[in-house]
4 protein chains.
Amino acid sequence: MNFEVVELEGHIIDSNILSKVLDKIISMGGDFEIEKLEVGKTNEDKSYARILVKGKDGEHLDNILREIQQLGAVVSTDDVETKKAPRDKVLPDDFYGTTNLPTYVKIDGVWKEVEDIEMDCVIVIENRNGEKVPVCKRMGLIKEGDEVVVGYKGIRVVPLERSREKDIFGFMQSEVSPEKPLDYYSKMIAEEIKRIKKNNGKIVWVVGTAIAHTRAHKILEKFVRDGYVDALFCGNGFATMDIEYALFGTTLGMDDTCNIVKGGYKSHLVAINEMWKAGGIKEAVKKGILKKGVLYECVKNNVPYVIGGSLRDDGPLPDTITDVMVAQDEMRKHAKNADMCIILATMLHGIATGNILPARVKTVCIDMNPYVVTRLQDRGTHQAVGIVSDPCAFLHLLEKDLYGKE
Amino acid sequence: MNFEVVELEGHIIDSNILSKVLDKIISMGGDFEIEKLEVGKTNEDKSYARILVKGKDGEHLDNILREIQQLGAVVSTDDVETKKAPRDKVLPDDFYGTTNLPTYVKIDGVWKEVEDIEMDCVIVIENRNGEKVPVCKRMGLIKEGDEVVVGYKGIRVVPLERSREKDIFGFMQSEVSPEKPLDYYSKMIAEEIKRIKKNNGKIVWVVGTAIAHTRAHKILEKFVRDGYVDALFCGNGFATMDIEYALFGTTLGMDDTCNIVKGGYKSHLVAINEMWKAGGIKEAVKKGILKKGVLYECVKNNVPYVIGGSLRDDGPLPDTITDVMVAQDEMRKHAKNADMCIILATMLHGIATGNILPARVKTVCIDMNPYVVTRLQDRGTHQAVGIVSDPCAFLHLLEKDLYGKE
Amino acid sequence: MNFEVVELEGHIIDSNILSKVLDKIISMGGDFEIEKLEVGKTNEDKSYARILVKGKDGEHLDNILREIQQLGAVVSTDDVETKKAPRDKVLPDDFYGTTNLPTYVKIDGVWKEVEDIEMDCVIVIENRNGEKVPVCKRMGLIKEGDEVVVGYKGIRVVPLERSREKDIFGFMQSEVSPEKPLDYYSKMIAEEIKRIKKNNGKIVWVVGTAIAHTRAHKILEKFVRDGYVDALFCGNGFATMDIEYALFGTTLGMDDTCNIVKGGYKSHLVAINEMWKAGGIKEAVKKGILKKGVLYECVKNNVPYVIGGSLRDDGPLPDTITDVMVAQDEMRKHAKNADMCIILATMLHGIATGNILPARVKTVCIDMNPYVVTRLQDRGTHQAVGIVSDPCAFLHLLEKDLYGKE
Amino acid sequence: MNFEVVELEGHIIDSNILSKVLDKIISMGGDFEIEKLEVGKTNEDKSYARILVKGKDGEHLDNILREIQQLGAVVSTDDVETKKAPRDKVLPDDFYGTTNLPTYVKIDGVWKEVEDIEMDCVIVIENRNGEKVPVCKRMGLIKEGDEVVVGYKGIRVVPLERSREKDIFGFMQSEVSPEKPLDYYSKMIAEEIKRIKKNNGKIVWVVGTAIAHTRAHKILEKFVRDGYVDALFCGNGFATMDIEYALFGTTLGMDDTCNIVKGGYKSHLVAINEMWKAGGIKEAVKKGILKKGVLYECVKNNVPYVIGGSLRDDGPLPDTITDVMVAQDEMRKHAKNADMCIILATMLHGIATGNILPARVKTVCIDMNPYVVTRLQDRGTHQAVGIVSDPCAFLHLLEKDLYGKE
């Protein structure tokens, strides 16, 4: 059999969903017939489409169905299928790979939403006191015997629809331009931050070394103190510079007036050594060794931080998690509850965070390198505002807009 | 003959001048003997070197001498030699090509400084009421019969020496890094601007379209009004956006909240058309059509502007100088009197300006593209501070530092 | 009146045309009702939509209609309206600004295609021996009394539809990624070049200085000789380097082994001087002074070249057109007959060319700077393949694929 | 006491060593007197300088001495001093931080070269059967009681001198320009590769995902087979793409003709799963599952590979070392014996490798991002050739030059 009927529902026309599905079919070498199309008359009404999808053969059709399913097409309303994982970390061959969009699977005739959805993972049906619960897990956490979702039956991905109202997070999806009214973006982001905090939402910040090296981290310090930061993700480089600055007033040995004052790059190593002497950052705060800085404020204000290790690290600090999968899982704990994520000046940590965020999280990425901004969006991070600007200079604008100075 | 004696004088050791000369000799395949070296004992004392330079043959030696002369080596203290230009715009074969460093030529036994020095031009000895005056001219301005300096005798180039004091303009010469304490740089540049204006110095600003598209041009407006701008260089794109914004509150049809409100890109064309209707920018100001903006402020405050045309221009505006050599010469009038030059977000106009600036002008280049910053420095622009940042966001910092807001 | 009925026809669903129109209406603050939608059942069938567009008031509606018209919506099938240009270079207030898509205007009840369509220009109805002919003109060429198209009645823009077949020029429209199978792209472009030349099509090449500085211009020389180049656009920098290399074996004084052999940057000036001595490039070829190089091959093979001036030029060469609008018009002569355009390593000339190309021209842009590639596509250059790679290295691949070496 | 006498010896003038030392003293706010300067008369002769260095106070002087010591100044010829590490991973306060230049310490009156020198580490004096041996170690490997070198006495750093002969590795040190004769560079690198392999030297290759995504990894496959690769460093991304391509002919689901053929990004996950099923890459080769590709060739030809984990990894593969410090140490084993290192298209792994290479290793870095190239050189990687080009396209040139095809 080389054809199959699929359904689409929602704002499928003005959110481009229908056209993306048809596009994908053609670009994969398939064909289609639109059997039924009911178009919502107005901007509020939903639409419905039933489409006959044709492939060259069964396997070809299968490949097409898997792709368009991820764009929102419902391929089958049968119950979802599972197979047991043959060994720890090994998946059944036909496993279903997730997107970061809200996803439902049909279990015993009922559509249930998958918990902790994240892209490029798999779905496991857990048995919780007799209830079957679909949960998203990364490959490395799969245990032998886990019931892993396979194939494409009984799976429904809900694509994000274009917001009915004007919203910087909605309409900027695909645009990455270095030339935007910075004032306006800064104001909109400040408002979104305030709105989220007013509703007790969570904001994750992800920052790179440039933030400390340019001294913009002083602004971040204030943000932590004032409750705008609910979790901080960074690398060993940023954390060490923040600590070096707190201890010696330098980053990589350079003081605020660009003088290399003390030991140059060695100051970096000394800062790490001080933390080993103290027994870690929290201990250094407790003992009065570390008295300011972003990490100091995190400790003082009970803001969790994850310092993810990387291959190029010196030291590293005792707090740096050198096993990248352990660090990833630590980041996951905070990512899954986030409402907003702000990524500044870091390609590695930014993309790592983008990978594990659910699509519903409003993501702001500010970087001078258009690659970073584009790549984040290419990899499926929806609702992203990408701004190609200097994140360090931008923080000064954001500070002004958050605190209402003019 | 395949050797020649040359002399070097000044802070030739700690300003790297001696090592650059020796480097150049070796890298061109020549050889040397240091005949005499008197080293200044302290940081204040000058040094002196006499070096025997060897080439494989006369031509090879000649090529080496020409190169090291431009690094400050005095090859001969005979009078300078000239030949007559055979035709308009045609140089004698052996013409001397200038650097942008202060240059002296020996005429009738006297060292005279070359007027209006600029890189990649030639030196003409003008007869002014019986006095012989060396003047730097671009090739296209040479007239038949002009006495053009040839060879390398009697020419002395004075390399810039490392400042004896700490100075952002001195020590940053070769570094282009995106990670600098922005606050500090902003403060230093603000101080330099104030210092220069206090001494009635001249500051030339060179700006690209991003400045208007991001609305940072509103800050520049204020700078013009407050006397910080002595000349403005821009292109047809910036000028049109500035005018479009003054007339309609949009740039390329986009308003302050990122809405495309009116005619999109067409608004750009409409703005140009309005200026043609009025008869030019100055007329539009006089007639009350143009009531704000950077160019409006320039007209109101008698600040000269040069709008240099480029191949990609729409329109262009009646004020845009479509002949690039005419525009260049117009820019020269202001460049030669400048004490400082600030280049923001423009590769084409920035490099064009860099090409015609004397080396003594303190040049600040802020651009997100490290290419622009590097290329400006590669092409011989000394005393340049290159900052890889978002010039639009940076203007907000500079505004704060210039006006003392905190 | 604040609503209007518009029509759309063609492959409006899978080419995204319908969704773009609805998107634009909503993003501009308008609203819509879909009155009729007939969807082509299969990939081959055309679709039709009739949409009621609503604005807040007449002016708002007007603005929306102008925008969606450029996306393919036919707003009115009345005859087109014109007004006379009040003065040379001055347009009537309500003029219609063009896209580079095929455009028809209705004159005396008949749809006629606009000649020489190009973006950001206007349409003039010329009277040719009694026949009314719509022609696209740039603003600067408008004469007093010209009949300029105004408003939006009787204008039909034909959006490019997604190719029914797989084609690198079709499906890459919006993607700019540095990571593509270079081999494949090189092969596809080579095949397209061969196909076009087999059908006597025209290929315009636009090149920057890096092509000469890296010596990749030797490959371009061969392409000119072998008939793959129908017109060459470049700047004074590329032309001078090509000539300097032909005369002295150096570019900016650097030989093939990276030695600075003769006069450094001065060699650039000498090359320009040689052309002034000879009286221009063609004369230099005729006199046997210029014996190889890209421009030499152009002269020998009667391939027209346009050397467009820019503000940063030295010299320039006698052949460089210093007035940018004159240069633009010279480029237009070749652009309007082109079937393919290949842009290598040049932002200024590349964008200038992109601006004047009709949308039907297949455009390849290869640049290391993703800005250039993105900006070219943002500015409305459809059917563009953008490859973020080193154009100099890429030419080596293209040479292999064009000549079938393996 | 606020002054100290230091000595410099070697080609200290034309290698810029003297001027760098004087520069550093002034830029740190110190002062100097040159007590003695004997200049080598010719290019072959060595020079000698004795300099009195002055600081504002003892601590200031100390800081200056530490810095200039790293530039080659010998501060004291007393025996080196050590202190015991107080705990595992904790250094004594005054520890000496290394450069990657050859370094000697004086032990019992004898200068001994430090083993395995690497930047930003410390020196430990090991007792090997009664002999005291200085060894370079990273902080994390320090054990309680280790004799760690402190202060600056008895330490001699040997700066690299400018090669007496022309050599691409010598003279390109500080230049990063995108415009170089690619042919020449490719030929020079090919010759260096051949020369090193002829002398049984070792070449380490470091590659990023773009190499596989563009299919340039097929060239690398051949290089492994033909003995040009002695160790391969890469990340989970490259390794997985290489395996995905070997198994399915796709990378991230994209085939050689840019079609998304099978499961899109999911193919990436499937490839990882296959390796888990097989029990790792070597097992997959042994079992005949993995039959081609770069890693296959590594296994077949006994070329060691290190797959260093990163935060953004999917999976990862069973062979990926998820603990970054373990991965670093694994890389160190190969880095310390390398004669050449070629870094292609990877910022993270490239910088990580640059950090651990001794300065004597000839390093080639080819990347489209000038940041990567510049940062590698800024961080002290000497003898680096940085080429801003597309490494994927460049590999095609290198293949041609290595195999002599034309």
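By convention in this document, chain letters (A, B, ...) are assigned in the order of the sequence lines, proteins followed by strands, and residues within each chain are numbered from 1. Computed from heavy atoms alone, side chains included, the values below leave out hydrogens, waters and symmetry copies.
Interatomic distance, CG of B:Asp314 versus CD of C:Gln328, reported as 7.5 Å (0.5 Å rounding).
Taking every heavy atom of both residues into account, B:Ile272 and C:Met139 meet most closely at CG2-CE, 3.5 Å. Summarising the geometry of B:Arg87 relative to C:Trp276, their closest heavy-atom pair is NH2-O, 2.9 Å, with the distance given to 0.1 Å. In plain terms, the two heavy atoms of C:Leu269 and B:Asp120 that are nearest each other are CD1-O, 3.5 Å. Across all their heavy atoms, C:Leu311 and B:Ala327 have their closest contact at CD2-CB, 3.6 Å. The minimum heavy-atom distance between C:Ser310 and B:Leu348, with the atom names listed, is OG-CD1, 3.9 Å.
Of the atoms belonging to B:Ile142, not a single heavy atom falls under 4.5 Å from chain C. For B:Phe95, the parts sitting under 4.5 Å from any heavy atom of chain C are the backbone and the side chain alike.
When the candidates B:His349, B:Lys277, B:Met347, B:Met275 are compared by the number of heavy-atom contacts under 4.5 Å with chain C, B:Lys277 comes out ahead. Among the candidates C:Lys89, C:Met331, C:Met325, the residue making the largest number of heavy-atom pairs closer than 4.5 Å to chain B is C:Lys89. Of all the listed residues (C:Asp62, C:Val270, C:Thr322, C:Val90), the one sharing the greatest number of non-hydrogen pairs under 4.5 Å with chain B is C:Thr322. Taking C:Cys121, C:Gly140, C:Pro316, C:Gly29 one by one and counting their heavy-atom pairs under 4.5 Å with chain B, the maximum is reached by C:Pro316.
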Quiz item: After noting the C-alpha distance and the side-chain angles of B:Asp93 and C:Glu274, does the key distance pass the side chain to side chain contact (heavy atoms under 4.5 Å, CB included) rule?
Solution: CA-CA 9 Å; B:Asp93 285 351; C:Glu274 290 303 312; 4.1 Å; yes
